[in-house]
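Here the structure is laid out as structure tokens; the discussion comes afterwards.
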Amino acid sequence: MTEPGRGSAPHRSTVALVGNPNAGKTSVFNGLTGARQKVGNYPGVTVEAAEGTFRVGDLTVRLIDVPGLYSLNPVSADEAVASGLVNTDDDEPHALIYAVDASNLERNLFLFSQVAETDRPMVVALTMTDLLARQNRRVDTDRLAGMLGCPVVPVVAHKGIGVPELKEAVAQAVEEGESPSIDVGFPPIVIQAAQGLVERFSRAGVELSPREARCVILEEHCTTYDRFIDTPELRQAIDDAREGVLGAHGHGRTIDAQARYAWAARVTRQCVVGDGPQRPSRTEAIDRVLTHRVWGLFVFVGIMYLVFQSIYTLAKPLMALIQAGVGVTSDLVSRSMTGSPVLKSLVVDGVINGVGSVLVFLPQIMILFFFIAFLEGTGYLARAAFLMDKLLGWCGLNGRAFIPLLSSFACAVPGIMAARVMPDERSRLATVMVAPLMSCSARLPVYVLVIGVFIEPQFGPAVAGLALFAMHFVGLAVAIPVVWVLNKGVLKGRRLPFMLELPKYQWPKWKDVWITIFSRVKVFVSTAGTVIVAMSILIWAATTFPLGDDARYAREYAARPASYQSEVSLEKFQKRRQREDSVLGRFGRTLEPVFAPAGFDWRLTTAILAAFPAREVVVPAMGIIFESGEEDEKGLAGALQKATWPDGRKLMTRSTSIGLMVFFALCCQCMATLAAIRRETNSWKWPVVAFTYMTVLAYVAAVAIQVVGRMVGQ
Amino acid sequence: MSFTDLRLGMKARVVQVEKTASFCDRLLELGLLPGTEFTVTKVAPFGDPIEIDLRGYKLCLRRAECCCLRVETVS
């Protein structure tokens, strides 16, 4: 977006866009800059200050979209960033655009009264006037402009209404450089004390503005106080002034907020005209059902069921199509490639296979994010957070964690990034740490394979479906105690209280839905995709090298009994022996004793080890190791059913099968996830913690299932 | 009475804000001040959080986290 100044750019200035969360800032930003930044109907969508530019006349404006704020006294990291962008001694930003939700004027004006004190030219962008009109009310903008001491421009950004006027007003404000002066009307006792303090300081030769004086009297933690902490005389003056105003019981912040809200209420009363709503709004009517204590839960469960049901049914044919496409491609490539068989194997088994295993997840991820974006656009996700808060809350998460956790059912990588909506660092970390426990789409093939091997033949498809459904709850059930432990012992820092505004229901804007899907898919492909492809190549190398001694394998084959030879071809035998002797195969054999208590032999162990960088390689890896010949699932299922220990015991007993699935449900076998945790927490500590606790849990759970299974004789 | 005692549809007024936790400052900034009247518009399925209507807007809060507010019912 940034346009380099051509020739001599006559004017440049920096303008910050400020406002409450959900005040329509992002849509004003997009309207001004033409950017495609997504508009969220959910608080906390602007998590990093986005930037764009626009031109008006010969002025080029760099516009900074500041994260939503309730007050200039920050309580979270996000708010500290936002408030720091505005409340600074720098010249920049040269002016502010303050977005005001017309349907929530009073509270929006509270922050305005603080921002107006930063002495910068301001323009008010009045949003959501259409919503107010639906309540039979409107804002008298001339009057409001008069009372706020700055221009007020009504904007309906997505229709382009008011955007040119807003640009003009910004240009004019920058040029004139006049900041608004409002008279909040603090109590006389405060004003007098502040005046007295200013005079006393001035006698001591220190300049103090009336605003600083008022702040230091009313604010316990005012930076002005710290400046004079080593000047006993002036500090005493401040303490005296505080004593005079607050006495024994007064609370400075209360006095401050009361004055500001009284002013805001006065302005609202005088500037909002109309009768007000005659009957309950559409949103209230819908909410009577959707947030009802009983029906609300029914609808919630129904919606979630629908979402997951459609993910599987809609994605299945698409995934089959992609797999077929990958199959055709590798056939074509392997037929057309001549020369070194190792190079051919690298391209086909390493690269194409790796890319294919990334592509195959796209349908599920796109469908899940379609639903998330759609529900977010309608305003329902905020309701889901409201409904789920108590369930997620008791262990230390909160309702907002619902969205990142839901995303993690498709893929933990975008889920971990979505954890930025959490209001404080501590609950964000908690969410990030359990997001990988949610059953992502890469675990599905393992469940399908194992359930197909040992449940479906015995209990039929209904129980198989149920088992698949149940596997999705294993991670969720484990996540809750994990968060509880993390909160008790590991995570530090202040937890912010839960606070949520339910937006009005509306039809989602399709453009926003597509932007969400597109951006999430981009994250998945760029973060997860590259790691998965790289890991596929690594695994390919570990199973291919050393290349093996085919002549020796042929001699070994010749020594086998004829019955064996009739069952297994020489080629298959050579391939199998090569896998056994490969780096990964040796590694698996070495670690067999470690996994034996869980009932896993060296082959399962090797497959598990191969899956540590990226769990989606496990089914192809098992295909190779269990020499099903064809690497398809049917052949593999048969090979698994027949697989035995060297002493003839059946390998895939019921407890080994369940153990294997639970191991995959809990284990952190995804480098991409660890990379995402590293990036989002900016530390190596958390990926290490996540990897360790998940792997230990998975191992302990698999062993425990085996032990219990032996006790009950399975 | 405290926030824990509020029921769906109740109209109430803030009597006092005890400055016990830092969240109280945030509640003040959101407009929950001594004398502010509000209505309980929603109660979540498990009894918490609740949504209140104050100053022409609506806000969801957890009961326990508003323990610093003393309230009384308004008829």
Side-chain angles (χ1 to χ4, degrees), chain A residues 20 22 70-73 75-76 101 103-108 110-111 114 135 220 251-258 260-262 264-265 268 272 276 283-284 287-288 291-297 300 382-383 385-391 393-394 398-399 494-502, chain B residues 2-4 6-71 74:
Chain A
N20 278 172
N22 262 2
Y70 286 109
S71 156
L72 284 188
N73 304 315
V75 292
S76 70
D101 174 355
S103 66
N104 185 1
L105 196 57
E106 193 172 321
R107 200 201 61 208
N108 278 246
F110 172 83
L111 176 63
Q114 292 183 326
Q135 300 171 8
E220 222 172 307
H251 183 213
R253 282 249 175 121
T254 310
I255 296 173
D256 181 80
Q258 259 173 329
R260 292 179 196 278
Y261 265 108
T268 307
V272 178
T283 291
E284 281 164 358
D287 265 344
R288 272 199 200 133
T291 61
H292 187 269
R293 299 186 83 156
V294 180
W295 308 128
L297 279 186
F300 174 78
R383 268 83 184 172
F386 175 73
L387 294 172
M388 287 297 104
D389 181 61
K390 184 85 180 177
L391 279 185
W394 71 269
N398 78 41
R494 198 150 63 95
R495 205 157 65 209
L496 279 185
F498 179 72
M499 210 180 75
L500 182 71
E501 285 181 73
L502 303 181
Chain B
S2 81
F3 243 64
T4 352
L6 291 169
R7 300 279 164 268
L8 184 63
M10 262 188 190
K11 205 169 174 207
R13 182 193 297 129
V14 179
V15 185
Q16 198 191 341
V17 184
E18 288 160 24
K19 40 175 187 175
T20 46
S22 58
F23 185 48
C24 291
D25 289 344
R26 181 38 53 97
L27 292 176
L28 293 171
E29 290 164 343
L30 290 166
L32 277 163
L33 295 160
T36 306
E37 291 187 3
F38 61 88
T39 315
V40 180
T41 46
K42 288 189 185 83
V43 174
F46 305 103
D48 217 3
I50 64 171
E51 187 195 56
I52 60 171
D53 185 332
L54 77 157
R55 299 185 184 271
Y57 81 102
K58 288 171 183 166
L59 183 65
C60 303
L61 298 163
R62 287 179 182 164
R63 294 173 189 270
E65 288 170 349
C66 298
C67 56
C68 58
L69 295 180
R70 302 298 306 167
V71 296
V74 179

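Just so we're on the same page: letters track the sequence lines, and every chain starts at 1.
- Side-chain contact between B:Leu30 and A:Met499: present, with at least one pair of heavy atoms (C-beta onward) separated by less than 4.5 Å.
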>> Apply side chain to side chain contact (heavy atoms under 4.5 Å, CB included) to residues A:Thr283 and B:Lys58 and explain how you reach the verdict.
In response: CA-CA 12 Å; A:Thr283 291; B:Lys58 288 171 183 166; over 6 Å; no

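- With A:Asp389 as the partner, the salt bridge (charged side-chain N to carboxylate O under 4.0 Å, His left out) test is satisfied by one option alone out of B:Lys42, B:Arg63, B:Arg62: B:Arg62.
- At a threshold of 4.5 Å between non-hydrogen side-chain atoms, the residues A:Ser71 and B:Arg26 count as touching.
- Formation of a donor-acceptor pair under 3.5 Å by the A:Tyr261 side chain with backbone atoms of B:Glu29 is found in this model.
- Interface residue B:Ile50: only backbone heavy atoms are found under 4.5 Å from chain A.
- Of the listed residues B:Leu59, B:Asp48, B:Leu33, the one with more heavy-atom pairs under 4.5 angstrom with chain A than any other is B:Leu33.
- The shortest side-chain heavy-atom distance between A:Leu297 and B:Phe46 falls under the 4.5 Å cut-off.
- Here the side chains of B:Glu51 and A:Leu500 are not in contact, with every heavy-atom distance at 4.5 Å or above.
- For the pair B:Cys24/A:Arg253, no side-chain contact is recorded, criterion being any heavy-atom separation below 4.5 Å from C-beta on.
- No side-chain heavy atom of B:Pro45 sits less than 4.5 Å from a side-chain heavy atom of A:Val294.
- In this structure, the side chains of A:Pro497 and B:Leu61 stay at 4.5 Å or more apart for every pair of heavy atoms.
- Of the two parts of A:Ser103, only the backbone, made up of N, CA, C and O, holds a non-hydrogen atom closer than 4.5 Å to a non-hydrogen atom of chain B.
- At a 4.5 Å heavy-atom cutoff, A:Asn20 makes no contact with chain B through either its backbone or its side chain.
- Not counting sequence neighbours, the partners of A:Arg107 by the salt bridge (Lys or Arg N to Asp or Glu O under 4.0 Å) test are A:Glu501.
- Neither the backbone nor the side chain of A:Asp256 comes within contact range of chain B; no heavy atoms are under 4.5 Å apart.
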